[in-house]
There are 2 protein chains.
Amino acid sequence: MRTYSIGEAAKALNLTPYTLRYYDKEGLLPRIERTSGGIRSFKESDLEALKIIECLKKTGMPIKEIKTFIDWCSDGDDSLRQRYDMFQERKAVVQAQMQELLNTMSVIEHKCEYYQTALNAGTEAVHKHTHAKETSPA
Amino acid sequence: MRTYSIGEAAKALNLTPYTLRYYDKEGLLPRIERTSGGIRSFKESDLEALKIIECLKKTGMPIKEIKTFIDWCSDGDDSLRQRYDMFQERKAVVQAQMQELLNTMSVIEHKCEYYQTALNAGTEAVHKHTHAKETSPA
DNA sequence: GCTTGACTTAGAGTTAACTGTAAGGAGTAG
DNA sequence: CTACTCCTTACAGTTAACTCTAAGTCAAGC
């Protein structure tokens with residue numbers, strides 16, 4: 001099975017060696033092996049674990065919480081329930097983020113239309129209501 | 001038209017007075033008025049502008065870029081094109097974020113199933129492939 | 001008239017997640 | 001042999017976005 005240096009692993013994951021060393025320091029790579037010369041040797045399984053770590057990061061999970069999960073993984077079957085619950089919670093978090101993103105998109109799209117109309121008219125005044133004494137263009 | 005103190009505005013927007021002062025210091029509230037005593041007086045239009053600011057923040061826009069937009073708003077109709085382009089770009093950003101969130105969700109859901117199965121079996125070994133010498137539980 | 005509470009400023013401190021520096025080691029090309 | 005490149009550690013520096021502190025102002029209630 002081929003292995004990867006920290007630079008190769010970084011490239012494969014679109015990260016930097018700095019970041020990978022930082023993850024290691026924070027305890028996110030407990031199983032990482034070293035060569036006789038002390039150089040980190042990333043296996044395919046390490047890259048897979050890092051992909052999960054990046055996935056959890058994308059859900060907004062802080063690194064300390066990810067470390068808790070990594071520790072659970074090292075604990076074996078005793079922590080299956082915690083890990084299951086964690087992913088269920090992450091699922092709920094992502095669902096909420098999706099809903100929020102939809103709301104955000106709705107506002108952005110309204111603004112796109114607003115500025116499309118203003119651009120066609122050549123002036124934002126086209127949106128001024130007669131009853132509004134003052135409006136903020138933002 | 002009723003106005004709001006910084007504390008009231010913060011509550012209405014689910015922010016803190018510290019944050020609103022910080023935004024002001026960064027130039028995000030150029031039109032904010034003050035009472036004779038020097039106290040910030042938020043109008044409805046200021047709250048609306050802040051809602052747009054919060055919306056842009058949710059798309060991951062840094063505060064310095066939001067300030068650029070706020071400055072454009074003060075510039076009047078000359079900047080309509082820039083503002084339109086900016087919202088189009090934000091729309092593309094949010095679409096990309098949505099796609100990424102869908103990918104993330106897919107991974108999370110696979111892990112939910114993985115741990116559901118493991119939990120039913122009482123052990124993660126249920127997922128071990130015969131050809132795999134070693135796997136990372138993450 | 002005095003206390004209370006919310007407001008003001010300038011500026012310092014915090015946090016997360018990197019990001020870079022310095023000093024040095026090891027393997028490879030010429 | 002020597003230069004080059006990548007690796008190592010320890011630790012300092014950076015950045016964004018707050019978050020708080022200190023010292024002071026001001027209006028309202030008792």
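Atoms considered below: every heavy atom in the structure, side chains included; atoms not considered: hydrogens, waters and symmetry mates. All values reported here derive from a predicted model rather than from experimental measurement. Every chain is numbered from 1 and lettered A, B, ... according to where its sequence line falls, protein lines coming before strand lines.
Just one residue in the list B/R31, B/K67, B/R40 forms a salt bridge (Lys or Arg N to Asp or Glu O under 4.0 Å) with B/D24, and that residue is B/R40.
Distance B/L20 CG to C/dT9 C1': 16 Å, rounded to the nearest Å. One can place CZ of B/R34 at 15 Å from P of D/dA27, the figure rounded to the nearest angstrom. The interatomic distance linking A/K64 (NZ) with C/dC18 (C1') rounds to 14 Å, in whole Å. Atom CD1 in A/I6 sits roughly 14 Å away from atom C1' in C/dC18 (whole-Å rounding). One can place CD of A/E8 at 12 Å from C1' of D/dC7, the figure rounded to the nearest angstrom. Distance, A/I32 CD1 to D/dC7 C1': 14 Å, rounded to whole Å. The NZ atom of A/K25 sits 12 Å away from the P atom of C/dC18 (whole-angstrom rounding). In this entry the distance linking CD1 of A/I63 with P of C/dT19 reads 11 Å, nearest Å.
Two residues, A/Y22 and A/S36, neighbour DNA chain C, and the one matched to the more 5' nucleotide by heavy-atom proximity is A/Y22. Checking A/K57 against A/R21, the closest nucleotide of DNA chain C that is more toward the 5' end is the one next to A/K57.
Taking only side-chain nitrogens and oxygens, A/T19 never comes nearer than 4.0 Å to OP1 or OP2 of C/dC18. The side chain of A/S5 places an N or O atom within less than 4.0 Å of a non-bridging phosphate oxygen (OP1 or OP2) of D/dC7. For A/Y18 and C/dT21, the shortest distance from a side-chain N or O to OP1 or OP2 is not below 4.0 Å. Between A/R40 and the phosphate of D/dC6, there is no side-chain N or O to OP1/OP2 separation shorter than 4.0 Å.
Heavy atoms of B/T16 sit nowhere under 4.0 angstrom from any nucleic acid atom. Within the nucleic acid shown, A/G37 has no heavy atom closer than 4.0 Å to any nucleic acid atom. As judged by a 4.0 angstrom heavy-atom cut-off over every strand, A/P17 is placed among residues making no nucleic acid contact.
Of the possible polar contacts, none joining the B/E65 side chain to the B/P62 backbone as a donor-acceptor pair under 3.5 Å is found. A side-chain donor-acceptor contact under 3.5 Å links A/T16 to the backbone of A/T19.
Residues B/K51 and B/E54 are not paired through a salt bridge, judged by the lack of any N-O separation under 4.0 Å between the basic side chain and the carboxylate.
Atom CG of B/N14 sits in a sparse spot, with 12 or fewer heavy atoms from other residues, nucleotides or ligands closer than 6.0 Å.
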